[in-house]
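Just so you know, residue 1 is the first one in the sequence shown, and it goes up from there.
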Amino acid sequence: MRLSALFIRLGAFALAAVICALGARVAVATVETRSVEAVQLSLEENGHGFATVLGDGLQVILEGEAPSEAVRFRAISTAGGMVDASRVIDNMTVEDSADLEAPEFSMEILRNDSGISIIGLIPASADREDLTTRLTDMAGEGANFADLLESADYEEPDGWEPAVNYAIRALQRLPRSKISVRAGRVTIEAISDSMEEKATLEAQLRRITPAGITTTLDIMAPRPVVSPYVTRFILDEEGARFDSCVADTAEAERRIVAAAEAAGVSDRVGCTLALGTPTTRWADAVSLAIGAVEELGGGTVTISDTDVTLLAPMGTVQGNFDRIAGELENALPEVFALDAVLPAAPAAGDEGPPQFVATLSPEGLVQLRGRVSDELLNTTAENFAGAKFGSADISMATRVVDGLPNGWPVRVLAGIEALSKLSNGSVTVEPTSVVVRGNTGSQSAGGEITRLLVEKLGTTDEFSVDVTYVEALDPIAALPTEDECLEQIGAVTQSRKITFEPGSATIAGEGAGIIDDIADILQKCADLRLEIAGYTDSQGSEDGNQRLSQQRADAVLDALRVRRVPVSNFRAIGYGEENPIADNETEAGREANRRIEFTLIVPESTEEPTALEQIEEEAAAAAQTDDAATD
């Protein structure tokens, strides 16, 4: 009995073990099957149909031939997203490739007051020593220079060298900047000291951009500090307009412009974003004041710091004026004070007010005429005009008379100073008004004149500023392009020729005068990249002609350097008797072939895609191939 019971227990344990083993195998097989199916489905959905999935217990084995190492890695990552990464066994291979994909070459240069640092990956064939030498010299003695560059032995991509050269030229002008360089592309972020410097830098950098290089410029400038903080709005028979408009924020500018457009401004307008606002509620006050002018149907409002001066049109009904002025006074923020003025109609038989008129011609001739209160004012006005216009030849047609109103000298001198901010124009001073008209090459001149007159005359005096911006007068916008500079040099040398003493490199004849004219042109063409090429006729030995042509090209370069032309971007090359432009068998032809030519140095441009674009195109093509194979 006892033995029988023991066998029964042992049999039960054995049966349970067999059942557990079978259950475990079924569970493992189920997990294995589901894992394989899940991973295979995920690979196909992600475009990796080249991979097949096998199960070995809890392990998932990937097999197949990947088109590239990057695609193989993405397939492994996809599988690891479905099961634990430790269960994924990689048995995949990679297709053989005749040419390995080159990495994306790029570098980033950071320059600030403490020095220069550079980091990135560059081709091994690039002249790293020259690059670091140039940057070290630029950083200056005692400044920090950190070289964190790495190199890779792949072919230098098209557009890499001109992009690097452009970046270095840009860095020379930007002491606080970050410049990112890739083949054919340069991104510049920098800080300038003023809006004027920002405009100058942008113009220079765009002008020296090599062909085939894509640039992105982001140069920031601190907002100007304006004092007094003035906005002046006018609505008259000529329409609605600003003489000056400043705002503290972009949102304030939008609100002010919206109020002006509602009052009838049709042209596109904007305000200068500047520091110095007397209150954060500046936009509230300006918008309300413009609304009051609109409701009056005309007039002028000047907001200078916290003083608001509303000048109604002559002939406005007194009751309507009082109502609108009262509503504005009560609606203005507390810090603002309103001075509302309704001009009186002129008396009958009035012969007109006394005048002082100053004019500035496009050639720079200054003429002062009209009435002055005494000899001291007469002399002061002449000297003041000479100082402001930089001219000792001021044409005087003034007359000393008695009975001029108080404050006449201040009005006269303020008018002369306002005129000095124009390229040409006139200013007319009367006892109750100052009118400034003319042309300027500065987009901010109108606002500057308005703030000047408000500061000198006060907010209650009437004045008008009618200033037109002319791009041709803008010293920045009017800078000639490289092609225009070369055309001007060509015009100088078309009918005249730089000549040399026979068999030497000594400039002779009128050659010095021609170089003087070329130097004058190049002074306006900063950063021009120019090649000075020397040529000879075919007489003499070829080596001797080449040496002579090189010496003559060097002589022209030295002559320009002596005339203080910046020649760091110039090169002088002697070509000897190459490229004749006339027949060397005749004296006239030989004379024509002995010449100096000026041409632009233009980096070779290419339409080939950059290294990054090539990699992206290959990846896209591989993905399309995988999709097609999956379908």
Which pair of non-hydrogen atoms, one from [X] and one from [Y], has the smallest distance, and what is that distance?
X    : Y    : result
D554 : A572 : OD1-CB, 3.3 Å
V427 : G415 : CG1-O, 3.4 Å
G574 : Q546 : O-NE2, 3.0 Å

Using side chain to side chain contact (heavy atoms under 4.5 Å, CB included) as the criterion, point out the one residue from [options] that pairs with [X].
X    : options                : value
T440 : L422, T468, V470       : L422
L201 : I188, L174, L217       : L174
F384 : I394, I416, V412, T379 : I416

Using a 4.5 Å cut-off on heavy atoms from C-beta on, say whether the side chain of [Y] contacts that of [X].
X    : Y    : answer
T359 : V357 : yes
W160 : M107 : yes
N579 : R595 : yes
I122 : V181 : no

Salt bridge [X]-[Y], side-chain N to carboxylate O under 4.0 Å:
X    : Y    : value
R451 : E455 : no
R134 : D137 : no
R563 : D517 : no
R594 : E587 : yes
D543 : R547 : no

Exercise. Hey, are N439 and N424 close enough side-chain-wise for a donor-acceptor pair under 3.5 Å?
Worked result: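 Their side chains do contain a donor-acceptor pair, which is all the 3.5 Å distance test asks for.
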
Problem set entry | No-hydrogen, no-angle side-chain donor-acceptor test under 3.5 Å, T132 and D147 |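 No, no side-chain donor-acceptor contact under 3.5 Å.
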
Exercise. Is it the case that more than 12 heavy atoms not belonging to K456 sit under 6.0 Å from its NZ atom?
Worked result: no

Problem set entry | Heavy-atom neighbours of E542 CD exceed 12 at 6.0 Å | no

Where the side chain of [X] meets the backbone of [Y], is there a donor-acceptor pair that is under 3.5 Å apart?
X    : Y    : result
R369 : T398 : no
K198 : I219 : yes
S504 : F500 : no

